[in-house]
Amino acid sequence: LRTLEQVPDVFCNVPLPGNRGTVAEAIKRLTAAQNRIKELEKQVRERVKHRQLDGLMVEVDRLLEMAPKSEKFLKLKDQLIAREEKLSRQCDELCAQARGLLSNGNPRAAIKLIEKIEEDRLTVEQADLKERLSKLAASEDALIASVQAAKAGGVIELEGIDSLLPKTH
C-alpha cells in the first residue's frame with residue numbers, strides 16, 4: 001500500500017499490469033482491507049478482554065485469512081483450539097459420570113450433572129441422554145406424587161415404594 005501511495009497522481013488511473021483495475025482502485029481495495037483487519041483486531045481484542053470466547057474462532061479465522069502471518073492471532077487460534085478440546089473433554093467426562101449415576105439408579109444426580117453443560121456443547125447423543133434423564137425425573141416425580149396421594153388416602157404403605165420405582169439399568 002505504501003508503495004502504491006507513492007505513485008504520482010497522473011499514473012493513478014493507469015491499469016496495473018498483472019492486476020485488475022488501476023492504481024487508485026488497488027489503493028482503495030488495500031485500504032479497505034487494512035481497515036477491515038484493524039476492525040476485526042479490535043473486535044477480537046474486545047471479546048478476549050471481556051472473556052467472550054464462544055464463537056470467537058470464526059472471527060480469528062477471518063482475521064487470519066486477511067493477515068495469515070499475525071503471530072499473536074495464530075497463537076490465539078491455538079489457545080482457542082486447546083480450550084475447545086478441553087471443554088469437549090469435560091463435557092464427555094460429565095456425561096460419562098451421569099451415565100454411571102443413571103446405571104446406579106440415581107437419575108436426579110445424573111440430570112444435575114448434565115445440566116452443568118451448556119446446551120450448545122452437547123452432542124446429539126448427549127442431548128438424548130439429557131432428554132432421557134429429564135423424562136425419568138418427571139416419571140419419578142409423578143410416581144412419588146401418586147404414592148403420596150395413595151398413602152394420604154391410606155391405600156399404600158411406605159415400605160413398598162422402592163418396589164414401585166423403575167430400575168434404570
Side-chain angles (χ1 to χ4, degrees), residues 29-30 32-169:
R29 279 193 313 272
L30 288 171
Q34 273 187 335
N35 289 339
R36 180 67 181 136
I37 290 170
K38 287 177 185 175
E39 181 183 316
L40 276 171
E41 284 178 349
K42 182 180 176 184
Q43 288 174 358
V44 168
R45 281 193 195 98
E46 281 297 309
R47 289 193 57 189
V48 168
K49 179 180 174 182
H50 296 324
R51 305 290 300 156
Q52 298 170 339
L53 304 178
D54 290 333
L56 183 60
M57 183 69 80
V58 173
E59 290 180 31
V60 171
D61 283 340
R62 201 173 313 136
L63 183 58
L64 286 172
E65 285 174 12
M66 298 175 83
K69 295 180 182 176
S70 176
E71 288 297 321
K72 60 187 167 192
F73 293 107
L74 287 168
K75 182 179 176 183
L76 176 60
K77 180 176 181 167
D78 290 342
Q79 291 171 336
L80 289 171
I81 290 170
R83 176 183 180 268
E84 282 300 314
E85 289 170 352
K86 178 182 175 185
L87 289 171
S88 180
R89 277 192 312 274
Q90 288 173 340
C91 181
D92 292 343
E93 289 169 8
L94 284 172
C95 286
Q97 290 173 10
R99 282 186 200 92
L101 288 167
L102 178 60
S103 68
N104 289 331
N106 195 347
R108 291 233 178 265
I111 192 80
K112 283 183 182 177
L113 260 184
I114 210 165
E115 284 177 343
K116 291 180 181 180
I117 303 169
E118 292 177 26
E119 198 72 34
D120 60 336
R121 294 212 175 274
L122 294 172
T123 64
V124 172
E125 178 187 330
Q126 293 165 343
D128 289 344
L129 173 63
K130 183 177 182 179
E131 184 179 338
R132 195 171 93 216
L133 289 170
S134 295
K135 287 179 181 178
L136 276 172
S139 294
E140 187 177 338
D141 289 343
L143 181 59
I144 289 170
S146 294
V147 169
Q148 287 174 344
K151 183 180 182 276
V155 177
I156 194 167
E157 293 296 322
L158 285 177
E159 294 79 32
I161 291 177
D162 286 341
S163 66
L164 295 175
L165 291 174
K167 302 296 180 215
T168 55
H169 298 285

K.L.:
Atom CG in N104, atom CZ in R99: separation rounded to 0.5 Å?
P.N.:
14.0 Å
K.L.:
Please give me the minimum heavy-atom distance between A110 and L133, naming the atom from each residue.
P.N.:
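Looking at all heavy atoms of both residues, the shortest contact is CB-CD2, 3.7 Å.
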K.L.:
Does K135 pair with E131 as a salt bridge, N-O distance under 4.0 Å?
P.N.:
yes
K.L.:
Measuring from atom CD1 of I111 to atom CG of L129, what distance do you get when rounded to the nearest 0.5 angstrom?
P.N.:
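With rounding to 0.5 Å, CD1 (I111) is 7.5 Å from CG (L129).
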K.L.:
Q79 and L76: side-chain contact (heavy atoms from CB on, under 4.5 Å), yes or no, with the steps?
P.N.:
CA-CA 5 Å; Q79 291 171 336; L76 176 60; 3.9 Å; yes
K.L.:
Decide yes or no for R47 and L53: does some side-chain heavy atom of the first lie under 4.5 Å from some side-chain heavy atom of the second?
P.N.:
no
K.L.:
Is the shortest side-chain heavy-atom distance between D92 and Q126 below 4.5 Å?
P.N.:
yes
K.L.:
So, taking the atom named CG in L64 and the one named CZ in R62, what distance separates them when rounded to the nearest 0.5 Å?
P.N.:
11.5 Å
K.L.:
If we only count heavy atoms from C-beta on, is the C95 to I114 side-chain gap below 4.5 Å?
P.N.:
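Heavy-atom side-chain distance check passes, below 4.5 Å.
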K.L.:
Of all the heavy-atom pairs spanning L74 and K69, show the shortest one and how long it is.
P.N.:
CD1-C, 4.4 Å
K.L.:
Do E84 and R121 come close enough that some side-chain heavy atom pair is under 4.5 Å?
P.N.:
yes
K.L.:
Donor-acceptor check, side chain of E41 to backbone of K38, threshold 3.5 angstrom: yes or no?
P.N.:
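Absent.
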K.L.:
Calculate, to the nearest 0.5 Å, the distance between atoms NZ and CG belonging to K72 and L63 respectively.
P.N.:
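Reported value, rounded in 0.5 Å steps: 9.0 Å.
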K.L.:
Quick one: do E119 and K130 make a salt bridge, cutoff under 4.0 Å?
P.N.:
yes
K.L.:
When rounded to the nearest 0.5 angstrom, what distance separates CD in Q43 from CG in L56?
P.N.:
10.0 Å
K.L.:
If you look at every heavy atom in V60 and F73, which pair is closest and at what distance?
P.N.:
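Looking at all heavy atoms of both residues, the shortest contact is CG1-O, 3.7 Å.
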K.L.:
With a sphere of 6.0 Å drawn around CD of E125, does it hold more than 12 non-hydrogen atoms of other residues, nucleotides or ligands?
P.N.:
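No - once you tally the heavy atoms of other residues, nucleotides and ligands closer than 6.0 Å, there are 12 at most.
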K.L.:
Can a salt bridge be assigned to the pair E39 and R36 using a cut-off of 4.0 Å between side-chain N and carboxylate O?
P.N.:
yes
K.L.:
So does G100 get a backbone contact from the side chain of S103, meaning a donor-acceptor N/O pair under 3.5 Å?
P.N.:
yes
K.L.:
For the pair D78 and R83, find out whether any cationic side-chain nitrogen is under 4.0 Å from an anionic carboxylate oxygen.
P.N.:
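Between R83 and D78 there is no salt bridge, as every charged N stays at least 4.0 Å from the carboxylate O atoms.
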K.L.:
Determine whether N106 and L102 make a side-chain contact, defined as any pair of heavy atoms from C-beta on separated by less than 4.5 Å.
P.N.:
no
K.L.:
In Å, rounded to the nearest 0.5 Å, how long is the span from CD of E93 to OG of S88?
P.N.:
10.0 Å
